[in-house]
Structure formats: C-alpha cells, structure tokens
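In what follows, a single structure is set out as structure tokens and then discussed.
Just the heavy atoms: all of them, side chains too, but no hydrogens, waters or symmetry mates, feed the values below. For the single chain, residues carry numbers from 1 onward in sequence order.
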Amino acid sequence: MPRPLGELEDTVMTRVWNWNRPVTVREVLEDLQQERSIAYTTVMTVLDNLHQKGWVRREAEGRAYRYEAVSTRAAYSAALMNDAWAQSDNPAAALVAFFGMMSPRQREALRDAMRIVLPEVPSEDASRAAPREVPEAAPQDVPEAGPEAMAEVTPPGEAAREHGR
C-alpha cells in the first residue's frame, strides 16, 4: 500500500497526472514558480524521491530525465481508501461512517461506480443494489456495528451466507 504523498510530492504529482505525459524538472519548476518560490534542486529531489518510491518512471534525455506517472491519481486515491478501510477493526462501521460523511454528489458518484462494478444487477433490482441514502453524520455519531448493524450494510443473501444459513 502506498504511503500518502507529502504536500510537495502531491503538488508535483498533481502536475504529472494532469499533464499525462513525460515531464522534465524544468517544466514542473516553471509551473510551480507561478505559485511559490522554489529551487530547481528541490523539484529535482522530489521527482527523484518519487522515482525511488515507484510513483514515476524516468527516461534519460540528454543530461536530464523525463518523468512519467506509473499509475493514475484515481488508482492512488483508491489504494489509500482501501488501506484505510483494511486497517479498521470494524469495516462495516467504517463504511457506514464514510458514507455518512459523503455529500449528495459523492453518493451519486458511488451509485454510478456501483452500476459499473455490478452491471449484472437487473434494472428492476437496482434499488436494492444501490447504496442507501445515509444521513449526514459525524464519525463520532456512528455507533460501533455489531452483528445487527452488519445486516444493515451487508447485501441481501450475503448475511445469510455469513451466518451459515
């Protein structure tokens, strides 16, 4: 699992991801200098660190390198979410809390993603497969999920299999 990027690493990677092509230290430097004062060697060090961590690959071009993202920002975000979820001692409660923090727009994006991931669900059953509306709630307002709460977040049929029924 990837460690979260530091602030400057994320700033640099955002440019690499947005440009979606091999970039030089000079290109990143010139773009960053529109927002802040930063040295060439700092950007070079950050890109070298990102290369060593496996975030970018590089190819020599003369005396310089061109850097290119190894994966997408979406893949990075998904890996961070997956790791955070995997570290929970109660994944169901973590999901309930996460869904409770989502805006209506984010919940709609979740529904769209579920339609892509689970396309075999017939349209008349879509209401059962789509995530339920979860009221806005702070994480501390979400109770720990016991077996009863698991039934609330477990898809129909899965709860019976989990309990050997």
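Using a 4.5 Å heavy-atom threshold, the side chains of V16 and E27 count as separate. With contacts defined as side-chain heavy-atom distances shorter than 4.5 Å, the pair L5/W55 qualifies. Side chains of L8 and R36 form a contact here, defined as non-hydrogen atoms less than 4.5 Å apart. Side chains of L29 and T42 form no contact here, defined as non-hydrogen atoms less than 4.5 Å apart.
Looking at residues two or more places apart in sequence or on another chain, you find a side-chain contact (heavy atoms from CB on, under 4.5 Å) between T41 and A39, M44. Legend: residues meeting side-chain contact (heavy atoms from CB on, under 4.5 Å) with N18, ordered by chain and number and at least two apart, are T14. Remark: W19 engages no residue in a ring-ring contact (aromatic ring centres under 6.0 Å, His included) (not counting sequence neighbours).
A donor-acceptor pair under 3.5 Å links the side-chain atoms of W85 to the main chain of P91, judged by distance alone. A distance-only check finds no donor-acceptor pair linking the side chain of Y65 to the backbone of L47 [under 3.5 Å]. Between the side chain of E9 and the backbone N or O of V46, no donor-acceptor pair lies under 3.5 Å.
Put simply, L110 and I116 are part of two different groups of oily side chains (I, L, V, M, F, W, Y) that touch within less than 4.5 Å, one to the next. Both M114 and F99 sit in one connected hydrophobic cluster of ILVMFWY residues. Membership requires side-chain heavy atoms under 4.5 Å apart, directly or through other members.
Atom OG of S88 and atom CG of D83 lie 11.5 Å apart (nearest 0.5 Å). D31 contributes atom CG, which lies 11.0 Å from atom CD1 of I38 (distance to the nearest 0.5 angstrom).
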task = Take T24 and E30 through the test side-chain contact (heavy atoms from CB on, under 4.5 Å) and record every step on the way to the result.
result = CA-CA 10 Å; T24 63; E30 289 172 359; over 6 Å; no
query = Are T72 and N20 close enough, and set up right, to give a side-chain contact (heavy atoms from CB on, under 4.5 Å), and what steps lead you there?
reply = CA-CA 9 Å; T72 65; N20 198 26; over 6 Å; no
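By the neighbour-count criterion of 12 heavy atoms within 6.0 Å, atom CD of Q52 is densely surrounded, having more than that number from other residues, nucleotides or ligands. Residue R21 qualifies as enclosed at atom CZ: its count of foreign heavy atoms under 6.0 Å is above 12.
In plain terms, the two heavy atoms of A69 and M13 that are nearest each other are CB-CE, 4.1 Å. Listed here is the closest heavy atom pair of V70 and R57: CG2-N, 3.7 Å. In terms of heavy-atom proximity, W17 sits nearest to S71 at NE1-O, 2.7 Å.
Salt bridge status for R105 with E108: absent, with no side-chain N to carboxylate O gap under 4.0 Å. A salt bridge between E35 and R15 is present, with a side-chain N of the basic residue lying under 4.0 Å from a carboxylate O of the acidic one.
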